[in-house]
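So the structure is just underneath, and the comments pick up after that.
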Amino acid sequence: MAALLLLLLVSSLSFAAIDPVQCTAASHSHVHIVYLGHNNGLTPSLTTQFHLQLLSRVFAEPEEARQAILYSYSYGFSGFSAVLNSTQATTLSETEEVISVFRSRMLQLHTTRSWDFMGLSLHSQMEQPSSQMHLKYGDDVIVGILDTAGVWPESESFRDDPHLGPVPSSWRGTCVGGQQFDPATACNRKLIGARYYLAGFEAETGLLNTSGGAEYRSARDRVGHGTHTASTAVGAVSPNASYFGGLGRGAARGGAPRARLAVYKVCWFKDLTGRCNDADILAAFDDALHDGVHVISASLGSPPPLSPLFATSTEVGSFHAMQLGVSTVFSAGNDGPDVAMVQNVSPWGVTVAASTIDRRFPTVIALGNNASFVGEGFIVKDMKTPLVESTSVFADGTCSLDQLVNRTAASGKIVLCFSTMGMVSGEGAALAVYAGGGSGVIFADSSSRRSNQDNFLPTVHVNLRQGTHILNYIQSRSRQRPTVHVSASRTVVGSTPAPAIAYFSSRGPSSISPNILKPDVTAPGVNILAAWPPKSSPTMLPLDKRSTEWNFDTGTSMSCPHVTGIVAILRSVHPTWSPAAVKSALMTTAYVHDDTSDAMLAGGTQKAADAFDTGAGHVDPLPALDPGLVYDADARDHVRFLCGLGYTEAQVRQMVLPSPALDTSCAGGPIGDADLNYPAIVLPELRAVVTVKRTVTNVGLQRETVYHATVISPQGTHVEVWPPALAFSPRCARAEYYVTVTPAKLSRGRYDFGEIVWSDGYHRVRTPLVVRVTNLPDAGVGAQPTNQHRDTTEY
């Protein structure tokens, strides 16, 4: 019936009595996305016809509408992107069929040992064939990489593997040819699909520059980011991979090396980074859902201010992916350590923070006075040179290009630079010293922010205390001029506490839905070695002419595909689990301590990490395969959640896939963020006693079992869980429990952290509990202690 009504609507649109909105010279046009909900089961051609008819309402001629439209989204959901002025966009937004209209933004990318560190040892995978859990490696699961700037198909990570068998019969995608990308040789049983999307990017920035190999008008990778993330998630086993000088040598592989790969290139090289347009991203989501992917990985985003949930391509796309049983994994962003900077905050996506692994690259620095220090670097050969401080080279000691005044002083020398002088970065200092003819940099930075990376010019990173000692040596009145011997870096594993949250990793709480814990989990994202296009330099700097097939990269872009690989394994072991159940398994089995059993540190600070740094904790792949209990969410949960966001029942029916048994009304009242069946409880405004409900499902092998609750109350609160024990049987796999939180202090604006743990003696199901008591008036007077026996309020 819905399809018939929409067909009638398509037929009648041409008679709509709406005056067309004319473009004038004064009205600037931009790419906008018009979101309409699901596609009512119509064929793509009928859906596209409907889109053109709707768009014609704001143009004088149908041909103008056809020229304005960029994409018609007609598979996983319904909508289109078009070049519109603000008046046209406003007119469409007021149309009954339209749920949202939003400007297409330009998003940015969030840019071996890690799998061993997380317990997915290649040795155990290859020598325990009897295992039926993690040894499936994501067999025949199709992973769509949307965060990509393409792929280098010749990489060892994507080679054709005869052991894989034929392409899964569920695959409906294609391998699209283009510049230096021949489908006949590029795609195989591993890399089964490749597409690219340019319409939105070119509408906003002009024609893509492909001269001199600046980019490829195809799915081929120019930035390196896509090749790196794809190989991290699902790359084949590649023995003896390493960086220059043999650093990081080992077997490189993805978390799910038997999974199939489909690449959707939505990001393009511009201004020395990858840029991705919303319109192109949503087109990729639409195709990926049509093609039959099982998992989508998207390491991209835009920093706050965040748009509403259904006014971004990533949240719209992932919402419809979730309805089709497809999990979407996002990066949290690289804007830490400031609070509330986390991106990609929808409750239906998995948002991943970045943390370290237990691998270091110690580099010995020996001074001319025989004093020595150990920093970190990617130094491939010994260096013995004179040593100078930055004030000898730069006007105010700031190692930046605009302060460079004395090239002679830097020529052939290593320069000591401090991050605190002019607030420069390591890469900025390296470029400035290179411009001055220097041969290397010793870069001193705060221990909480120090990071090791290849800056093209040899660079050793030290802490401020070490840097100060080196500065004192340079400034001493010795008759001998200062010298330094920098030894080649080594690879050392297991000698440093890990994981720790990376200082750059974006933190919570969510700035638009603070009741939903974000990020969800953390995973390795610092100095990750993975595949790289040999025609792209490791630093992507124009002056860097080096070539490598394996590169270290850092960012939540690197942590995201780690979780994608784990989700692929979960999908292969538990193909019937919903995306909500998969996320729950990741969150409730995550851990919050490092490998010394101490609390994880939050980079950028000297404090222990909390749930806004780590989410539920660091992913732990093997326990996630057998989590015991999961927090699932069905379609009815999402109906009530959408009602709580303020959408009408008619709009909800447009957004949620129809089902005969599904009640799409807002009857029973909408549910707020806090009552969504999420694997975490966050109460950001606790003024009085509050009770929330959660429902768990037993997915363990033991169908008849009892779980008991253990509670750690956040400071200044009293938490009760009822019932304190949950009994499950073959006939009763689901159980509800209630959490009552009572403020026990006067406070305003401080978050405190606790947890609820359910255990049957074997499984440990941990649920983070985050509370901010806000019962103290702004003036700080007149507040009365809370009566702990006051009637509870249903949240």
Side-chain angles (χ1 to χ4, degrees), residues 100 102-110 278 281 298-319 328-354 501-522 555-557 559-560 583 587 602-605 609-616 641-642 644-647 671-676 678-687 714 748-753 768-774 778 795:
S100 63
F102 53 95
R103 171 87 177 270
S104 180
R105 304 163 302 159
M106 197 68 76
L107 279 63
Q108 297 182 5
L109 298 171
H110 293 152
D278 261 330
I281 294 168
S299 291
L300 42 75
S302 182
L306 301 181
S307 300
L309 290 182
F310 288 94
T312 69
S313 62
T314 49
E315 311 300 22
V316 169
S318 59
F319 176 74
T328 306
V329 185
F330 291 111
S331 49
N334 298 337
D335 299 304
D338 292 339
V339 301
M341 296 298 289
V342 65
Q343 306 170 26
N344 300 313
V345 297
S346 69
W348 40 82
V350 181
T351 309
V352 188
I501 296 299
Y503 78 89
F504 58 78
S505 184
S506 291
R507 308 312 211 260
S510 165
S511 56
I512 61 170
S513 50
N515 288 104
I516 302 296
L517 180 64
K518 292 292 174 175
D520 293 301
V521 290
T522 186
T556 53
S557 278
S559 57
C560 172
K583 178 198 283 191
M587 293 179 68
T605 73
D610 59 41
F612 290 145
D613 304 312
T614 67
F641 178 73
L642 294 174
L645 291 179
Y647 290 99
I671 59 173
D673 294 355
D675 269 325
L676 188 65
Y678 210 73
I681 297 172
V682 183
L683 302 175
E685 299 289 340
L686 184 67
R687 297 184 177 89
R748 171 167 295 278
R750 166 179 169 156
Y751 278 99
D752 294 287
F753 303 87
L769 179 57
V770 182
V771 176
R772 185 174 70 161
V773 176
T774 57
D778 288 332
Y795 213 77

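Inter-residue side-chain proximity for F330 and V342 is flagged as unmet; no heavy-atom pair is nearer than 4.5 Å. F753 has its side chain out of reach of V771: every pair of non-hydrogen atoms, C-beta onward, lies at least 4.5 Å apart. Looking at F102 and S307, their side chains never come closer than 4.5 Å, going by heavy atoms from C-beta outward. Within the 4.5 Å cutoff, the side chain of I501 has heavy atoms near those of the T614 side chain.
Nearest approach of P347 to L676, heavy atoms of both residues: CB-CD2, 3.6 Å. Nearest heavy-atom pair across P337 and G603 is CB-O, 3.9 Å. For the pair A680 and M587, the tightest heavy-atom approach, listed with the atom from each and the gap, is CB-CE, 4.3 Å. Heavy-atom minimum distance, P514 versus I512: CD-C, 3.6 Å.
Under the salt bridge (charged side-chain N to carboxylate O under 4.0 Å, His left out) criterion, D610 pairs with K607, not counting sequence neighbours.
Side-chain N or O atoms of K518 include one that pairs as donor or acceptor with a backbone N or O of S346 at under 3.5 Å. Formation of a donor-acceptor pair under 3.5 Å by the R772 side chain with backbone atoms of Y751 is not found in this model. Judged by distance alone, the side chain of S506 and the main-chain N or O of D335 form a donor-acceptor pair under 3.5 Å. Counting only distance, with no hydrogens or angles, the side chain of N515 and the backbone of V682 share a donor-acceptor pair below 3.5 Å. Between the side chain of S559 and the main chain of A353, a donor-acceptor pair closer than 3.5 Å is present. Panel note: side chain R507, backbone S505; a donor-acceptor pair is recorded below 3.5 Å. For N344 (side chain) and A332 (main-chain N/O), no donor-acceptor pair under 3.5 Å exists by modelled atom type. Side-chain N or O atoms of T312 include one that pairs as donor or acceptor with a backbone N or O of E315 at under 3.5 Å.
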**Request:** Using the side chain to side chain contact (heavy atoms under 4.5 Å, CB included) rule, take Q343 and T314 through it: C-alpha gap first, then chi angles, then the decisive distance, then the call.
**Result:** CA-CA 10 Å; Q343 306 170 26; T314 49; over 6 Å; no
**Request:** Assess whether side-chain hydrogen bond (donor to acceptor under 3.5 Å, both in side chains) is satisfied between S104 and D278, documenting all intermediate values.
**Result:** CA-CA 5 Å; S104 180; D278 261 330; 4.7 Å; no
**Request:** Could you check I516 against V345 for side chain to side chain contact (heavy atoms under 4.5 Å, CB included), going step by step and ending with a plain yes or no?
**Result:** CA-CA 8 Å; I516 302 296; V345 297; over 6 Å; no
**Prompt:** Does the side chain to side chain contact (heavy atoms under 4.5 Å, CB included) test come out yes or no for Y503 and T605, once each step is laid out?
**Reply:** CA-CA 8 Å; Y503 78 89; T605 73; over 6 Å; no
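Taken to the nearest 0.5 Å, the CD1 atom of I281 stands 4.5 Å off from the CG atom of L107. Rounding to the nearest 0.5 angstrom, the gap separating the OG atom in S302 from the CE atom in M106 is 11.0 Å. Atom CG in N334 sits 4.0 Å away from atom OG1 in T556 (nearest 0.5 Å). Between S513 atom OG and L306 atom CG the span is 8.5 Å, to the nearest 0.5 Å.
Ring geometry for F310 versus W348: interplanar angle of 30 to 60°, hence tilted.
Screening residues 338-347 for salt bridge (charged side-chain N to carboxylate O under 4.0 Å, His left out), with sequence neighbours left out, gives no hits.
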